[in-house]
Amino acid sequence: MDYVSALLPPIVMAAFFIALVVVIVKSQGGPNKAKEDAVVDAALARAESARQQNGTTAP
């Protein structure tokens with residue numbers, strides 16, 4: 001029975017890791033993708049605007 005107690009933690013961790021990867025993959029895209037892209041685009045536009053107002057140039 002020692003082999004069961006030795007194998008149980010890695011098997012449980014592997015199952016949780018696989019579940020995490022599945023959740024991440026399923027959450028990519030979908031109906032929220034456009035909203036997330038819009039938020040990122042707005043943040044980049046604000047940063048670019050602030051950079052131009054300060055007179056600095058992009059690297």
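Atom set for the values below is all heavy atoms of this structure, side chains included, hydrogens, waters and symmetry mates excluded.
Proximity of Phe17 to Val21: side-chain heavy atoms (C-beta onward) are separated by under 4.5 Å at one or more points.
Taking CZ from Arg46 and CZ from Arg51, the interatomic distance works out to 14.0 Å, rounded to the nearest 0.5 Å. Atom CG of Asn54 is separated from atom CD of Gln52 by 10.5 Å, given to the nearest 0.5 angstrom.
The heavy-atom pair separating Ala6 from Pro9 by the smallest distance is O-CD, 3.9 Å.
Leu20 and Val12 fall into different hydrophobic clusters, where Ile, Leu, Val, Met, Phe, Trp and Tyr are joined by side-chain heavy atoms under 4.5 Å apart, directly or via other members.
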